[in-house]
Number of protein chains: 2
Amino acid sequence: MSRRRVTLADLAQAAGVSRTTASLVMTGRARELRISHDVEQRVLRAADELGYRPNAVSVGLRTGTSRTIGFVSDTVATSRLAGDMIKGALEAARERGVMLFIGETEGDPELERGLLHAMHDRQVDGLILAAMYTRTIKVPKDVGGPAVLLNALPKTPSDLPSIVPDEVEAGRAAARVLLDAGHRDGIYTIGAGPALRNVPPQSVAAVERLVGIREVLGEAGVKIAGGRMCVDWLPELGFAATADLLKKHRPKALICLNDRVALGAYQALGDVGLDVPGDVSVVSFDDHPIASWIRPKLTTVALPYYELGRKAVEVLFAQMGEEAKPGEVHRVAMPVMHRDSVATRS
Amino acid sequence: MSRRRVTLADLAQAAGVSRTTASLVMTGRARELRISHDVEQRVLRAADELGYRPNAVSVGLRTGTSRTIGFVSDTVATSRLAGDMIKGALEAARERGVMLFIGETEGDPELERGLLHAMHDRQVDGLILAAMYTRTIKVPKDVGGPAVLLNALPKTPSDLPSIVPDEVEAGRAAARVLLDAGHRDGIYTIGAGPALRNVPPQSVAAVERLVGIREVLGEAGVKIAGGRMCVDWLPELGFAATADLLKKHRPKALICLNDRVALGAYQALGDVGLDVPGDVSVVSFDDHPIASWIRPKLTTVALPYYELGRKAVEVLFAQMGEEAKPGEVHRVAMPVMHRDSVATRS
DNA sequence: TCCCTTTGCTAAATCGGATTAGCGATGCGA
DNA sequence: TCGCATCGCTAATCCGATTTAGCAAAGGGA
């Protein structure tokens with residue numbers, strides 16, 4: 001604060017060379033432009049002594065690049081679930097010496113336009129357009145420059161690459177967890193299903209998870225015994241759905257479409273005296289923090305938020321380096337977190 | 001992307017005036033510098049037609065200001081709990097036309113230095129230094145320019161203002177909740193206490209909450225019956241602490257030092273067949289999402305993350321406007337979320 | 001009619017670097 | 001000794017705005 005920043009001019013003067021020479025040395029082009037080793041060392045030493053750091057704003061103006069990317073989301077930054085997405089992006093960005101602008105649109109197109117403008121005004125090198133829940137989004141038309149979709153797919157065909165969790169494979173994995181444990185019957189779904197049409201509106205995850213589940217179960221000749229849909233995946237609705245199911249059925253296993261629904265299911269099972277996993281096995285999706293807080297700890301297929309964030313930055317950089325196929329969809333694996341809610345049936 | 005941005009020069013040419021005049025009009029100094037109303041309108045119209053937006057990088061270079069602030073945290077951006085802090089800061093920043101750089105230090109001083117450098121290189125107008133858990137932090141010495149501490153207090157005396165939740169008052173509020181419900185005895189604390197020395201290390205919240213609790217209870221002539229400390233506030237440790245307590249005591253009310261501890265307490269109470277709130281009332285702190293997911297819904301004193309974030313930006317702006325007392329500590333009220341875990345005793 | 005003020009606008013410098021074009025000195029061959 | 005290439009470095013321009021200083025024309029008073 002107190003004393004002025006050291007500029008290239010200061011550095012040049014201290015080293016007794018021209019600004020050009022100083023710049024050449026500092027940008028590593030000394031060899032190329034035939035600066036003597038002697039002078040190079042002199043500049044380097046002066047830079048070190050003065051603590052010279054190039055002003056990024058100036059560099060930005062001259063080169064048109066800012067070593068900055070914008071992270072625009074509907075409300076992901078605040079979502080307790082998806083903060084890891086930011087963290088992943090942040091770390092991948094840092095590794096590349098790039099900073100992150102964060103912005104939230106609250107789903108308001110007007111706000112979104114303003115944000116994109118503000119970011120372009122600051123000459124961001126690229127944009128990450130993220131969604132809190134996996135869904136299709138309308139790609140704003142004024143995305144000038146490289147951009148990727150994170151946890152989202154374009155509503156209408158677009159050249160932008162997407163990074164999404166591999167929900168179908170996650171569905172397969174969840175089904176395999178039950179099959180591997182010997183479950184063949186009494187399997188119910190909570191949150192969506194049993195049919196593909198029984199899904200909450202707008203939910204990509206519901207459809208894809210169900211597809212994977214049905215595929216693997218079907219191949220094994222196992223039929224889903226039934227299910228209950230929830231319009232929103234909240235504990236209370238999961239509770240209600242499960243309680244309703246239990247009025248007529250005695251499930252052996254529950255595939256909950258996410259962990260919050262599973263929490264509700266735990267409560268409903270507890271109310272009628274059913275033990276998890278003794279009486280009923282439960283698998284779920286998301287790996288929300290509560291999954292390892294409730295008892296018994298919940299076996300769940302994790303949403304790889306951190307990896308999604310990293311991947312977004314990686315793909316964005318590939319995009320900026322022109323080495324990307326347009327419209328490519330990158331699916332990130334969802335790992336199974338084996339815990340204590342599934343029992344082996346003989 | 002395709003076509004070049006509209007620059008001031010383009011605008012000037014389109015309006016048939018000099019760049020100076022165009023700049024004057026666009027920065028609202030037309031009146032002041034005696035530009036005719038006619039010319040002003042001409043420039044404004046051209047700007048509108050061309051969609052002119054000043055290049056923030058250029059403005060930044062010229063004026064030395066970037067309309068950008070840096071949000072540096074240990075790991076708050078990823079913390080599921082404190083994402084709201086960012087959201088609050090984000091919105092307050094947006095209202096002021098300012099963008100947010102986000103960075104995480106992971107507690108690594110080397111990373112922190114690098115981040116602060118990167119931010120200063122980009123000429124941030126101010127800095128928010130945030131912590132995930134309320135604690136004292138070592139203020140980096142190269143904080144050039146305005147800065148505030150968020151959810152943190154300076155380890156050594158500092159001129160920087162701090163924004164922290166009002167934990168003492170929160171402790172008082174929690175105690176009052178029980179007193180108002182008629183509780184006079186059988187009150188135990190879980191997570192810390194009963195004495196002020198029984199606190200997990202490093203925790204500002206534990207000490208202050210306990211101070212508030214003891215103060216109000218003491219004034220009412222009510223004695224804390226006992227308590228159990230947890231070295232970390234996790235559900236499992238809360239469970240263990242409560243289970244241990246229940247071996248020897250039959251509490252009427254539990255003050256859990258945070259919601260995760262309370263979750264563990266619920267589980268332990270359930271195991272011995274005690275009903276919440278029928279047998280035991282529970283109050284807690286944080287208003288973590290699970291507080292409204294567990295049954296019965298937990299009465300808890302909320303951490304005002306969103307407000308903290310907003311406040312940080314407000315104080316930072318006051319700081320930049322020089323209208324701030326150095327070293328001031330701003331305490332943000334923690335509201336009580338009345339739910340279903342406290343029963344009235346006659 | 002002359003001089004001074006006011007009006008309305010612009011030329012030029014500036015911010016801090018990157019980059020292009022080129023200049024003087026030296027070395028070498030003929 | 002001359003001409004030319006190479007070496008080592010620098011002057012000047014540019015990026016896109018803001019800002020200072022000042023110019024030309026019109027208006028007003030004596």
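Protein chains get the first letters and strands the later ones, always in sequence-line order, with residue 1 at the start of each.
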Between [N] atom [atom2] and [X] atom [atom1], what is the distance in whole Å?
X      : N      : atom1 : atom2 : value
B:N55  : C:dC15 : CG    : C1'   : 13 Å
B:R19  : C:dT10 : CZ    : P     : 12 Å
B:Q123 : C:dG17 : CD    : C1'   : 12 Å
A:L11  : C:dG17 : CG    : P     : 9 Å
A:R67  : C:dA18 : CZ    : C1'   : 15 Å
A:L8   : C:dT14 : CG    : C1'   : 16 Å
B:L33  : C:dT10 : CG    : P     : 12 Å
A:L50  : C:dG17 : CG    : P     : 12 Å

Give A:V57 one of three labels, base, sugar-phosphate or nothing, depending on what nucleic acid heavy atoms sit under 4.0 Å from its own. nothing

Considering only NZ, NE, NH1 and NH2 on the basic side and carboxylate oxygens on the acidic side, decide whether B:E307 and B:R310 come within less than 4.0 Å. no

Under a 4.0 Å heavy-atom cut-off, which of residues 20-29 of chain B touch DNA chain D? B:T20, B:S23, B:L24, B:T27, B:R29

Is it the case that the side chains of B:R122 and A:T68 hold a donor-acceptor pair, with the cut-off being a distance below 3.5 Å and no angle test?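 Yes, a side-chain donor-acceptor pair sits under 3.5 Å.
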
Considering only residues two or more places apart or on different chains, which pairs with a residue in residues 8-25 of chain A satisfy salt bridge (Lys or Arg N to Asp or Glu O under 4.0 Å)?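 Residue pairs with at least one partner in residues 8-25 of chain A: A:R4-A:D10.
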
Closer than 4.0 Å, any side-chain N/O of [X] to the OP1 or OP2 of [N]?
X     : N      : value
B:S36 : C:dC9  : yes
B:Y52 : D:dA17 : yes
B:S18 : C:dT10 : yes

Short question: side chain of B:R67, backbone of B:R96 - any donor-acceptor pair under 3.5 Å? yes

Hey, does the side chain of A:R62 reach the backbone of A:S58 with a donor-acceptor pair shorter than 3.5 angstrom?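 No, because the side chain of A:R62 does not come within donor-acceptor range (under 3.5 Å) of the backbone of A:S58.
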
Within 6.0 angstrom of B:Q41 CD, more than 12 heavy atoms from elsewhere: yes

Please check if atom CD in A:Q13 has more than 12 non-hydrogen atoms from other residues, nucleotides or ligands closer than 6.0 Å.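 No.
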
DNA chain C nearest-nucleotide lookup for B:T63 and B:R34: closer to the 5′ end is B:R34

Residue whose nearest DNA chain C nucleotide is more 5′ - B:I35 or B:L61: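 Nearer the 5' end of the strand: B:I35.
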
